[in-house]
Amino acid sequence: MDCLFCKIIAGEIPSTKVYEDDEILAFRDIAPQAPAHILVIPKEHIGGVDELTEENSFVVAHIFAKIAEIARKEGLADGYRVVSNVGEHGCQSVRHLHFHILGGKQLNGSMV
Ligand code: DGP
């Protein structure tokens, strides 16, 4: 499958890893939009939030538990934003489920 994030998981494309276990990988975004900008992805290929089901969504609970841990380690005690873009209207550019952690500065209050 020609998926950029699957290639990052396989080590075919280098990344700056922040956290990894059997189920998930967290790495720094190549084009950071905040002082801290980390992507957290499942190792299983799931296209996006729109491909989550009762069968595969257990990994999302794990991802969010680790997001809290990662944010603490990154020193984001003052807060941060977790975002998952979905599909064309959501401006999703990589069709592999991912959650952006954005922080390290006062973020804009507007969501769109
Ligand atoms: P989205 O637009 O929500 O699908 O986010 C995709 C993000 O992936 C975007 O913020 C930039 C990031 N990205 C794209 N290519 C690479 C890459 O090769 N390495 C890393 N670390 N991040 C990438």
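Whatever order the structure lists them in is the order used to number ligands and atoms, beginning at 1. Reckoned from all heavy atoms, side chains included, excluding hydrogens, waters and symmetry mates. Positions are given from 1 along the sequence.
With a heavy-atom cut-off of 4.0 Å, His98 touches ligand 1 through its side chain alone. Contacts between Val83 and ligand 1 below 4.0 angstrom, taking non-hydrogen atoms only, are absent altogether. Counting heavy atoms closer than 4.0 Å to ligand 1, residue Phe5 contributes side-chain atoms (C-beta onward) but none from N, CA, C or O. Under 4.0 angstrom from ligand 1, there are no non-hydrogen atoms of Ser15. Only the side chain of Leu4 comes within 4.0 Å of ligand 1, judged by heavy-atom distances.
Contact between Gly90 and Asn85 at its shortest, heavy atoms only, is O-CB, 3.0 Å. Closest heavy-atom contact between Ile70 and Val40: CD1-CG2, 4.3 Å. Minimum heavy-atom separation, His62 to Glu23: CD2-CB, 3.9 Å.
Contact between Cys91 and ligand 1 is present, with at least one heavy atom of the residue lying under 4.0 Å from the ligand.
Looking only at protein heavy atoms, the nearest one to atom 21 (N) of ligand 1 is Arg28 O, 2.9 Å. Scanning all protein heavy atoms for the shortest distance to atom 22 (N) of ligand 1 gives Ile30 N, 3.2 Å. Shortest contact from atom 9 (C) of ligand 1 to any protein heavy atom: Asp29 OD2, 3.3 Å.
In the vicinity of Ser93, heavy-atom distances shorter than 4.0 Å reach the ligand 1 atoms 1 (P), 2 (O), 4 (O), 5 (O), 6 (C). Set against the non-hydrogen atoms of Val94, the atoms of ligand 1 under 4.0 Å away are 4 (O), 6 (C). Residue-ligand proximity, Gln92 to ligand 1, at heavy-atom distances under 4.0 Å covers atoms 4 (O). Atoms of ligand 1 lying under 4.0 Å from any heavy atom of Phe27, numbered from 1 in the order shown and given with element: 20 (C), 21 (N).
If you look at Phe99 and Phe64, their ring centroids are closer than 6.0 Å.
For Lys66 and Glu69, the salt-bridge test passes: some basic side-chain N is under 4.0 Å from an acidic carboxylate O. Ion pairing between a basic and an acidic side chain is recognised when a charged N comes within 4.0 Å of a carboxylate O; Glu74 and Arg28 show such pairing. Contact check on Arg95 versus Asp2 returns no salt bridge, with no Lys/Arg side-chain nitrogen under 4.0 Å from an Asp/Glu carboxylate oxygen.
Geometrically, ligand 1 and Asn85 share a nitrogen or oxygen pair separated by less than 3.5 Å.
Applying the ring-ring contact (aromatic ring centres under 6.0 Å, His included) criterion to His98, with sequence neighbours excluded, gives Phe5, His100.
By the 4.5 Å heavy-atom criterion applied to side chains, Ile9 and His96 are counted as neighbours.
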